[in-house]
Structure formats: structure tokens, C-alpha cells
S.K.: 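One structure coming up, written as C-alpha cells, with questions to follow.
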Amino acid sequence: GWGADLRIEHLDQVNANNKDWVQVKIKSYPGDRKGFLGEVVQVLGDHQDPMTDNLRALATHGISAEFTHETIEHAKSLPQEVKAEERKDRMDLTQKPLITIDGQTAKDFDDAILVETTDKGFVLYVAIADVSHYVKPGSSIDKEAYLRGTSTYFPGFVNPMLPEELSNEMCSLKPKVDRLALVAEMHLDFQGHLRDSKFYEAVIHSHARVTYGQAQEIIDGGEVPEVSHVNEQILTARDLSKILLAKRMKEGSLELDVPETVIEVDETGEPVDIIRSERLFAHRLIEELMLMANVAVAKFLTKNQV
């Protein structure tokens, strides 16, 4: 497209094979004294290997596929468990039976929920992993997260925003371990109206890692032995989410339930099937509780003129 061949500097030092995809930094353009010149900054791999397509898509959009050595070392230096000094000035919710409900293949669990009933209605707890406790402004991890903006998901592959030492460990609300979280505690009446809310830093202890399929099985009246100890928590959350959904629809909420397709790939990255994603009530359950948390935060910010 430039009307000239791109000449590569130091080609003898490039460890690439014929038919490999490579990422090239252009050093000078056609018409320049040096001509159309570039250097290979990354060898992506065989053009016929489907796994290379993920790396090529990341490179095309300027998203790094690797973390810097400094960031990896910083992540590895962080504690692997919640320390005593980190518990100070935090609410201890470790005895509260919060649970996570996520997809079958999820590795990072960033939100946990609990719904309790009272004589006045419901108490909803939404706990979000306290990433900011570990990712300080201006740190190498913070700078790389800023460049990525988000984790990037492909079929069977994810390029994380944070190193896995964080995203899959200390910033993941895994079951049966203490984790730091920011908690929204909301008090609602039996009609789903928000009466009161407060927000605080806490230490939580997820009592179960539940999949959407397991939660749906319990909602439908079935038994799932692995998570039977949290049946009551799932059913109470179902009751509140149904009330919130009905209230939202009555108030004129717009329903845009667009079918989602899922591309299934094998271990080599080759697409083997395209299926329609099944949307369960368990998905809606989590959505309604997260929406309620968003509403509570918005009301709090508005009230305090933030």
C-alpha cells in the first residue's frame, strides 16, 4: 500500500521463519533518504497457527501481550495472603456466607454477594475485590493496566489487564480464603426499594465458588452436592433479584436481550463450533444485584455532590 517494499534492519538478527507474522516498527518512510525502513520488534509466529491470530489482534490494536520484567517482579513481591496489619480498620465479614457466581471457565472472581432477610426486608452485600489496595497510582502495574484499559477476551484465551499473580490470586475472591474487598451494604424493603446503604473496606471469606449452571440447578429445585451448603444463600438471592427485576420492568426499564454467540475452539485454537450462548436466570440474578449496587453508589455520589 505504500508503493515500496519495507526493508528490515538487522534482518540477520531476527529469529523468524518464512511465513511468520512479525510486528515491525517503521523507522523511515518512502521518499526518506534511508528509504522505507523498519525493524522487527516482535515475532508473532506461524501465519497458519490459529493461536498466532490472538497475538496479531493484540499487536494490531497496540495491546501488549507481555508484562514488563519490573511489573512481573512487583506482582511476585506482593503478599500471598491477607496480613494482620491489612485487617486493621476493616470490617470483618469473614463469618458472613458470601459466595461468588461466575462462568464455568472463570479464573478471576471479582465480586461476591450475600442476601439476608430481616423483618423489614432484605440486606444485600456486594463485595468487590479491593484491587486499589495492591495497585498503587504510578506503580509499574498501574501504568501497564492503564495501557491495557481492560482484560481482552478471545475464544479460549484472555490477555489480562493485571498480572495473574494479582488477577487470579490476591484480587480474586477465591473460596475458603480471606480476601480484601470494598463492600456495598444495602437495606431494601420487601418491594425492592432502597432504604439505606453504606460502603466500607472489609475482609471477606467466600464460602463457595458457584457456577451459573450450578446456581440455576438449585434455583430450579435440583441438588448440587458440591455447593449444597449455600443453597439458602442462592435461593434468597433469587427472591430479591426477582423482586428487583419486576420493579425495574414496571418502572419502564428497556429490555435489550440480544442473542450472544460463543465460538468454541479446540486446544490448538481451531474453531470447532459456533453456538448460541444460553442465558439463565442465574445470569440475571447477578445482573440485578450488581445493578442495585450501581444505583446505591450513584445515589451516594449524588447526595454527596461528588
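Basis for what follows: all heavy atoms, side chains included, without hydrogens, waters or symmetry-related copies.
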S.K.: So with a 6.0 Å cut-off around CG of D89, is the heavy-atom count from everything else above 12?
M.R.: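 12 or below, so no.
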S.K.: Quick one: does any side-chain atom of S197 pair with a main-chain N or O of E185 as donor and acceptor, under 3.5 Å?
M.R.: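 Such a contact is absent between S197 side chain and E185 backbone.
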S.K.: Rounded to the nearest 0.5 Å, how far does CD of E70 lie from OG of S140?
M.R.: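 Going from the OG atom of S140 to the CD atom of E70 covers 4.0 Å.
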S.K.: Return the CG to OG distance between L244 and S253, rounded to the nearest 0.5 Å.
M.R.: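 Separation between the atoms: 11.5 Å.
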S.K.: For a 4.5 angstrom cut-off between non-hydrogen side-chain atoms, does Y212 reach I101?
M.R.: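 Answer yes - side chains close enough.
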S.K.: Parallel, tilted or perpendicular: which describes the rings of Y29 and W2, with under 30° parallel and over 60° perpendicular?
M.R.: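 Rings of Y29 and W2: tilted, 30 to 60°.
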S.K.: For L124 versus L188, what's the shortest heavy-atom pair and its separation?
M.R.: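 Answer, listing the atom of L124 first, then L188: CB-CD1, 4.0 Å.
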S.K.: Side-chain heavy atoms under 4.5 angstrom apart, residues restricted to Ile, Leu, Val, Met, Phe, Trp, Tyr: same cluster for Y200 and I128?
M.R.: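 Cluster IDs for Y200 and I128 differ.
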S.K.: How close do I243 and G192 get, heavy atom to heavy atom, and via which atoms?
M.R.: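 What the structure gives for the nearest pair is CG2-N, 3.7 Å.
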S.K.: Within a reach of under 6.0 Å around CG of D220, are more than 12 heavy atoms found that belong to other residues, nucleotides or ligands?
M.R.: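 Atom CG in D220 is crowded, with more than 12 foreign heavy atoms closer than 6.0 Å.
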S.K.: May I ask you to check whether over 12 heavy atoms, not counting those of K107, lie within 6.0 Å of atom NZ?
M.R.: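 Incorrect, the count does not exceed 12.
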S.K.: Are the side chains of V265 and V272 in contact, using a 4.5 Å heavy-atom criterion?
M.R.: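 Counting from C-beta outward, V272 and V265 never come under 4.5 Å.
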S.K.: Counting neighbours of CZ on R195 that are heavy atoms of other residues, nucleotides or ligands and sit closer than 6.0 Å, is the number greater than 12?
M.R.: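 Yes, because the 6.0 Å sphere around CZ of R195 holds more than 12 heavy atoms from other groups.
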S.K.: Just by distance, do the side chain of T236 and the backbone of Q233 share a donor-acceptor pair under 3.5 Å?
M.R.: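 Checking the backbone N and O of Q233 against the side chain of T236, no donor-acceptor pair under 3.5 Å is found.
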S.K.: Which residues pass the salt bridge (charged side-chain N to carboxylate O under 4.0 Å, His left out) test with K27, not counting sequence neighbours?
M.R.: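 Only E9, E39 meet the salt bridge (charged side-chain N to carboxylate O under 4.0 Å, His left out) criterion with K27.
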S.K.: Tell me if the CD atom of E270 is crowded by more than 12 foreign heavy atoms within 6.0 Å.
M.R.: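 Result for CD/E270: enclosed.
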S.K.: So which atom in R90 and which in A181 form the shortest heavy-atom distance, rounded to 0.1 Å?
M.R.: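 Heavy atoms only, the tightest pair is NH1-O, 3.4 Å.
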S.K.: Please say whether more than 12 non-hydrogen atoms of neighbouring residues, nucleotides or ligands are located less than 6.0 Å from CG in D5.
M.R.: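 Check fails, neighbour count at 12 or below.
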S.K.: Return yes if some donor-acceptor pair links the side-chain N/O of S172 with the main-chain N/O of E169 below 3.5 Å, else return no.
M.R.: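 Looks like no, no N/O pair under 3.5 Å.
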S.K.: Any donor-acceptor pair under 3.5 Å linking the side chain of S139 with the backbone of V135?
M.R.: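 A pair under 3.5 Å: no.
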S.K.: Does the side chain of E144 come under 3.5 Å of the side chain of S64 through a donor N or O and an acceptor N or O?
M.R.: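 No, because no side-chain N or O of E144 sits under 3.5 Å from a partner of the opposite role on S64.
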S.K.: Can you name the closest pair of heavy atoms from L98 and L93 and give their distance?
M.R.: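 Smallest interatomic distance, heavy atoms only, reads CD1-O, 4.2 Å.
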S.K.: Check I113 against A237 and note the closest heavy-atom contact, atom names and distance.
M.R.: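 Taking I113 first and A237 second, the nearest heavy atoms are CD1-CB, 4.0 Å.
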S.K.: Hydrophobic cluster membership, with links at side-chain heavy-atom distances under 4.5 Å among I/L/V/M/F/W/Y: are V203 and L166 in one?
M.R.: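 Yes, because V203 and L166 connect within a single hydrophobic cluster, where side-chain heavy atoms sit under 4.5 Å apart.
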S.K.: How far does CD of E165 sit from SG of C171, to the nearest 0.5 angstrom?
M.R.: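 Between E165 CD and C171 SG, I get 11.5 Å after rounding to 0.5 Å.
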S.K.: Using distance only, find each side-chain donor-acceptor pair of residues 287-303 under 3.5 Å and give its atom names and separation, not counting sequence neighbours.
M.R.:
{"from": "E287", "atom 1": "OE1", "to": "R279", "atom 2": "NH2", "distance (Å)": "2.9"}
{"from": "E287", "atom 1": "OE2", "to": "R279", "atom 2": "NH1", "distance (Å)": "2.8"}
{"from": "E288", "atom 1": "OE1", "to": "R248", "atom 2": "NE", "distance (Å)": "3.2"}
{"from": "E288", "atom 1": "OE2", "to": "R248", "atom 2": "NE", "distance (Å)": "3.3"}
{"from": "E288", "atom 1": "OE2", "to": "R248", "atom 2": "NH2", "distance (Å)": "2.4"}
{"from": "N294", "atom 1": "ND2", "to": "M290", "atom 2": "O", "distance (Å)": "3.4"}
{"from": "T302", "atom 1": "OG1", "to": "A298", "atom 2": "O", "distance (Å)": "2.7"}

S.K.: Parallel, tilted or perpendicular, judged at 30° and 60°: which one describes the rings of H205 and H207?
M.R.: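 It falls in the perpendicular class, over 60°.
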S.K.: I want to check something: taking the side chain as every heavy atom from C-beta on, are V230 and I234 in contact at a cut-off of under 4.5 Å?
M.R.: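 Yes, at least one pair of side-chain atoms sits under 4.5 Å.
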S.K.: Say whether I219 and I99 are linked into one hydrophobic cluster, either directly or through other cluster members, by side-chain heavy-atom distances under 4.5 angstrom.
M.R.: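 Yes.
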S.K.: Please tell me if the side chains of T211 and R209 come closer than 4.5 Å, counting only heavy atoms from C-beta onward.
M.R.: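 T211 vs R209: side chains touch.
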S.K.: If we ignore hydrogens and angles and just use 3.5 Å, is the side chain of R276 paired with the main-chain N or O of V262 as donor and acceptor?
M.R.: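 Looks like no, no N/O pair under 3.5 Å.
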S.K.: Say you draw a straight line from CD1 of I63 to OG1 of T152; how long is it, rounded to the nearest 0.5 Å?
M.R.: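 If we round to the nearest 0.5 Å, I63:CD1 and T152:OG1 are 4.0 Å apart.
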S.K.: Taking the six-membered ring of F190 (Phe, Tyr or Trp), confirm whether the NZ or CZ of K120 is under 6.0 Å from its centre and within 45° of its axis.
M.R.: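 Negative - K120 is either too far from the ring of F190 or too far off its axis.
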S.K.: Under the 3.5 angstrom rule, does the side chain of D189 hit a backbone N or O of H193 as a donor-acceptor pair?
M.R.: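 Here the side-chain-to-backbone pair exists.
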S.K.: Tell me the closest heavy-atom pair linking Q214 and V210, and the distance in Å.
M.R.: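 For Q214 versus V210, the nearest heavy atoms are OE1-CA, 3.6 Å.
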S.K.: According to a hydrophobic-cluster definition based on side-chain heavy atoms being under 4.5 Å apart (Ile, Leu, Val, Met, Phe, Trp, Tyr only), do F154 and V158 belong together?
M.R.: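 Result: no, two separate clusters.
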S.K.: Is the number of heavy atoms from other residues, nucleotides or ligands within 6.0 Å of CD (E85) greater than 12?
M.R.: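 Result for CD/E85: enclosed.
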S.K.: Would you check if the side chain of H187 reaches a backbone N or O of V123 as a donor-acceptor pair within less than 3.5 Å?
M.R.: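 Between the backbone of V123 and the side chain of H187 there is no qualifying donor-acceptor contact (under 3.5 Å).
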S.K.: Between Y125 and K96, is the side chain to side chain contact (heavy atoms under 4.5 Å, CB included) condition met? List the steps.
M.R.: CA-CA 10 Å; Y125 298 87; K96 293 276 187 187; 3.4 Å; yes
S.K.: Taking the side chain as C-beta and beyond, is there a heavy-atom pair between V131 and L162 under 4.5 Å?
M.R.: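 Sidechains of L162 and V131: in contact.
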S.K.: Within a 6.0 Å radius of atom CD on E226, are there more than 12 heavy atoms belonging to other residues, nucleotides or ligands?
M.R.: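 Counting neighbours around CD of E226, more than 12 heavy atoms of other residues, nucleotides or ligands fall under 6.0 Å, so yes.
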S.K.: Drop me the distance from L280's CG to I286's CD1, to the nearest 0.5 angstrom.
M.R.: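 With rounding to 0.5 Å, CG (L280) is 12.0 Å from CD1 (I286).
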S.K.: Show your working on side chain to side chain contact (heavy atoms under 4.5 Å, CB included) between E201 and V183 and close with a plain yes or no.
M.R.: CA-CA 6 Å; E201 294 174 335; V183 175; over 6 Å; no
S.K.: Could you tell me whether the side chain of V24 reaches within less than 4.5 Å of the side chain of L6, counting heavy atoms only?
M.R.: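 Yes. Closest side-chain heavy atoms under 4.5 Å.
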S.K.: Would you indicate whether the side-chain heavy atoms of F109 and S206 approach each other to under 4.5 Å?
M.R.: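 S206 does not reach F109 side chain to side chain.
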S.K.: How far does CD1 of I275 sit from CD of E260, to the nearest 0.5 angstrom?
M.R.: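 Separation between the atoms: 10.5 Å.
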S.K.: Clusters formed by hydrophobic residues whose side-chain heavy atoms approach within less than 4.5 Å: which one holds L182, and what are its other members?
M.R.: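 The other cluster members (ILVMFWY side chains, heavy atoms under 4.5 Å, direct or chained): none.
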S.K.: If you apply the rule side chain to side chain contact (heavy atoms under 4.5 Å, CB included), what do you find for D178 with E81, and how did you get there?
M.R.: CA-CA 7 Å; D178 291 353; E81 58 184 35; over 6 Å; no
S.K.: Could you check whether any side-chain N or O of R238 sits under 3.5 Å from a backbone N or O of A282, counting only pairs where one atom can act as donor and the other as acceptor?
M.R.: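 Flag not set: sc R238 to bb A282 has no pair under 3.5 Å.
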S.K.: Checking the side chain of D20 only, and the main-chain atoms of N17 only, is there a donor and an acceptor separated by less than 3.5 Å?
M.R.: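 Such a contact is found between D20 side chain and N17 backbone.
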S.K.: Is a donor from one side chain sitting under 3.5 angstrom from an acceptor on the other, for S132 and D130?
M.R.: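 There is such a pair between these side chains.
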S.K.: Is there a path of hydrophobic side-chain contacts, each under 4.5 Å between heavy atoms, that joins I204 and M91?
M.R.: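 Linked, I204 and M91 end up in one cluster.
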S.K.: With a 4.5 Å limit on heavy-atom distance, are the side chains of M51 and L55 in contact?
M.R.: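 Of all side-chain heavy-atom pairs linking L55 with M51, none is under 4.5 Å.
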S.K.: Answer yes or no: is there a donor N or O on one side and an acceptor on the other, between the side chain of D266 and the main chain of G269, under 3.5 Å?
M.R.: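 Such a contact is found between D266 side chain and G269 backbone.
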S.K.: Is there a side chain to side chain contact (heavy atoms under 4.5 Å, CB included) between T71 and H74 once you walk through the steps?
M.R.: CA-CA 5 Å; T71 295; H74 184 183; 5.6 Å; no
